[in-house]
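Down below is the structure, laid out as C-alpha cells.
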Amino acid sequence: MAISSPSLLLSFSHAETIPKPSKIDTVNPPNPILLISRCTSLRELMQIQGYAIKSHLHEDVSFITKLINFCTEYPTTSSMSYARQLFDAMPEPDIVVFNSMARGYSRSTTPLEAFSLFVEILEDDYLLPDGYTFPSLLKACAAAKALEEGRQLHCLSMKLGLDDNIYVCPTLINMYTECEDVDAARCVFDGIVEPCVVSYNAMITGYARRNRPNEALSLFREMQGKNLKPNEVTLLSVLSSCSLLGSLDLGKWIHEYAKKHGFCKYVKVITALIDMFAKCGSLDDAVSLFERMRHKDTQAWSAMIVAYANHGQAEKSMLMFERMRSENVQPDEITFLGLLNACSHAGLVEEGREYFSRMVNEYGIVPSIKHYGSMVDLLGRAGHLDDAYRFIDKLPISPTPMLWRILLSACSSHNNLELAEKVSERIFELDDSHGGDYVMLSNLYARNKKWEDVDSLRKVMKDRRAVKVPGCSSIEVNNVVHEFFSGDGVKSVTTKLHKALDEMVKELKLAGYVPDTSIVVHADMNDQEKKITLRYHSEKLAIAFGLLNTPAGTTIRVVKNLRVCRDCHNAAKLISLIFGRKVVLRDVQRFHHFEDGKCSCGDFW
DNA sequence: TACAATCCTC
C-alpha cells in the first residue's frame with residue numbers, strides 16, 4: 001500500500017516534537033490536543049493517544065474527533081483501520097465524526113465502506129445525516145461506480161430536503177455521470193433553479209468524461225449566454241472536450257480566453273492546453289507552451305511524454321523522461337503509460353520491457369490494467385504474439401475483454417488467423433456483444449479467402465445482435481466540426497463533395513493508386529461494389545471535404561473514431577504528395593502525419 | 001468538516 005500522505009512522509013524531520021513516552025513530564029503532561037497539530041505520522045498519533053489516557057482525554061469526543069480527522073485527511077489502509085477502531089469505540093459518535101469517517105473512506109481504496117457504515121448508523125437510528133454527509137457518501141459511490149447505492153442516497157437526500165443543497169447538487173451530478181447514467185445527471189441539473197458555476201462544471205465535466213464533448217460544449221455556451229463566469233475547472237473540461245473532438249479552432253479560442261482572463265497561472269490549465277494542442281494535431285504549439293512553463297509538475301511532463309508517444313516520436317518521449325528525472329520530478333503511473341505507448345508505437349520492445357520493470361522495481365508503482373494493455377500492445381504489435389498471449393495468461397488479475405482485444409488486433413496486423421481464433425474465443429466468453437471483434441476476425445478470414453467462415457461468423461454476429469460502431473471521421477473548417485460516416489456518402493453527401501471525391505480518386509489513380517479491395521469483407525460483393533465501398537470510407541470523405549473547403553497548401557486535420565484502414569492510409573500518403581498538403585490524421589490510437597507521400601508511422605501501426 | 005478538477009490500454 002503506497003503512502004499517499006505528504007505529512008506521513010515527513011515523519012523524520014519533526015519527530016522530536018512529540019516526546020518519547022519515557023520522557024513525558026508526568027507532573028505537567030503535554031496537551032494531547034496541541035500535539036495532534038504537530039503530529040506527522042500515524043505512529044506518532046498512536047503515541048499521543050497513549051498520553052491521552054493519562055490526562056483522561058481518551059474519551060473526550062472532540063479529542064477523538066481530531067484523531068479521526070487526522071487519519072481521514074490522507075487515508076491509507078492502516079490509518080483508516082485505526083480511525084475505524086476509534087470510531088467503533090465511541091459510545092456516542094455524532095454526525096460530525098461520522099462525516100469525517102465517510103470522507104476518509106470516499107478517498108480510500110475501499111470507498112463503499114462509507115456506505116456500509118452509513119447503513120449501520122441509520123439502522124441504529126440515532127444519527128441524522130446533514131448537508132456535509134451526502135457529498136462524501138456520493139463521492140464514495142462515484143469512486144466505486146455504485147449506481148444503486150448512489151440512487152438510494154439521492155432519494156434520501158430528497159426526503160431530507162437536502163437535494164438542492166449547493167454542495168450536494170454537484171456531487172449528485174458527478175455521482176451519476178461516474179456511474180454512467182448521464183441522463184439521470186442531466187435530470188438533476190435541469191432541476192436546479194439557478195445552477196451555479198460548480199453545477200455547470202459538474203455537468204460539463206460529466207459529459208466530457210463520458211465522451212459526449214458536443215453536449216459539454218453546448219452547456220458551456222449556454223453558461224456564457226447567462227453571463228456566468230467560467231473558472232479554471234470549466235476550462236479544464238472544455239479543453240478536454242476540444243481534445244476529444246480534435247477541435248483546434250475552439251481550443252485556440254480557449255487559449256486566448258485563458259490568457260485574457262488570467263487562467264494561465266494554473267499549471268493544470270497549461271497542462272490541459274498542452275494536451276489539447278497535441279490531441280488536435282498541433283504538436284508544435286504543445287511543445288512551445290511546455291517549454292515556456294516555469295514550473296513543470298509530474299502531470300505536465302507526463303502530458304508531454306504522452307503527446308510525443310501519440311505522435312509516434314518515441315525518442316523524444318524518452319528524452320523528456322530523462323529531463324524530467326534530471327530535474328528531480330517524480331514520474332507517476334501516467335508517465336510510464338506514456339513511455340510504454342511510445343515504445344509500442346515505435347516497436348521498441350526491449351526499451352518498453354525495461355520501462356515496465358523500472359516502474360515496478362525502481363518506483364514501486366503497481367501496474368494497472370492500462371499498463372498491461374500497453375505491454376500486450378508492445379509485444380503484439382512487434383509480432384511477439386505468443387509472448388503477448390503468455391503475458392496475459394500469467395497476469396495477477398483476470399484479463400478484461402479489452403486486453404484480449406488488443407492482442408486480437410495484433411493478430412490481425414500479423415495475419416495470424418490461428419491465434420486470432422483462439423483469442424476471439426476468450427473474448428466471446430467475456431463479452432460477445434462487441435461488433436468490432438467479429439469484424440476484425442472476419443476481415444482475417446477474408447484475407448485468407450475463407451469465405452464460408454466469413455459467412456458463418458456474420459450469422460453468429462447477427463444472432464448475438466452484436467453491433468458494429470460505424471466508422472466516423474471529422475474535420476473542422478471555420479469553427480464548425482463536420483462529421484462523416486463510412487458508407488453514408490451515397491445518401492447524404494452533397495453533389496459538390498461527390499465531385500471533389502471523384503476528382504480526388506481520379507488523381508490518385510493517375511499517381512498509381514490501386515484500391516485495396518481485399519480489406520472489404522462482404523463475400524457477396526463484386527469488385528466494383530467493393531471499390532465503391534472503399535471510396536465512401538469516412539476518412540476519404542473527410543479528406544476530400546478538406547481539400548474542397550480549405551486554402552491550398554494548408555494542413556488537413558482529420559479525426560477518426562476507429563483505426564485508420566489500410567486502403568485509406570495508402571490513399572492519404574498519395575494525397576499528401578499529389579495535392580501538396582500535409583494531412584494529420586488522428587485515429588483511435590495514435591497520430592499519422594502524411595507528408596510528401598510518406599507517413600510518420602513508417603507504416604508500422 | 002463539504003461541491004466541480006487536466007495527463008490514462010483500442
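Only a predicted model underlies this, so the values are computations on that prediction, with no experimental measurement involved. Throughout, a chain's letter reflects where its sequence line sits, starting with A, and its residues are numbered from 1.
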Item to complete: With sequence neighbours excluded, give me every ring pair (Phe, Tyr, Trp, His ring centres under 6.0 Å) pair touching residues 168-201 of chain A.
Response: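 Pairs touching residues 168-201 of chain A that pass the test: A:His154-A:Tyr176, A:Phe189-A:Tyr200.
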Worksheet item: With a non-hydrogen cut-off below 4.0 angstrom, is A:Ile305 in contact with a base, only sugar-phosphate, or nothing?
Response: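 Counting heavy atoms under 4.0 Å across all strands, no contact is made by A:Ile305.
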Discussion item. Under 4.0 Å, heavy atoms only, any strand: does A:Asn99 hit a base, just the sugar-phosphate, or nothing?
Written reply: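 A:Asn99: base contact, heavy atoms under 4.0 Å.
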Rounded distance in Å - [atom1] ([X]) to [atom2] ([N]):
| X | N | atom1 | atom2 | result |
| --- | --- | --- | --- | --- |
| A:Ile392 | B:dT9 | CD1 | P | 16 Å |
| A:Asp377 | B:dC8 | CG | C1' | 14 Å |
| A:Leu585 | B:dC10 | CG | C1' | 15 Å |
| A:Gln589 | B:dC10 | CD | P | 6 Å |
| A:Asn211 | B:dC10 | CG | P | 15 Å |
| A:Lys370 | B:dC10 | NZ | C1' | 12 Å |

Fill in: Which residues share a ring-ring contact (aromatic ring centres under 6.0 Å, His included) with A:Tyr355, sequence neighbours left out
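Here the qualifying residues are A:Phe321.
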Worksheet item: Could you run down nucleotides 2-7 of chain B 5' to 3' and tag each one B, S or - for protein heavy-atom contact under 4.0 Å?
Response: BBBBBB
Discussion item. List the residues meeting side-chain contact (heavy atoms from CB on, under 4.5 Å) with A:Pro170, not counting sequence neighbours, and say none if there are none.
Written reply: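 Scan of A:Pro170 (side-chain contact (heavy atoms from CB on, under 4.5 Å), adjacent residues dropped) gives A:Val198, A:Ser199, A:Ala202.
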Worksheet item: Do any N or O atoms from the side chain of A:Thr234 and from the backbone of A:Asn201 form a donor-acceptor pair under 3.5 angstrom?
Response: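 Side chain of A:Thr234 to backbone of A:Asn201: no pair is present.
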Fill in: Residues forming a salt bridge (Lys or Arg N to Asp or Glu O under 4.0 Å) with A:Glu215, sequence neighbours excluded
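A:Glu215 satisfies salt bridge (Lys or Arg N to Asp or Glu O under 4.0 Å) with A:Arg212 only.
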Item to complete: With sequence neighbours excluded, give me every salt bridge (Lys or Arg N to Asp or Glu O under 4.0 Å) pair touching residues 187-204 of chain A.
Response: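 Matches after skipping sequence neighbours: A:Arg186-A:Asp190.
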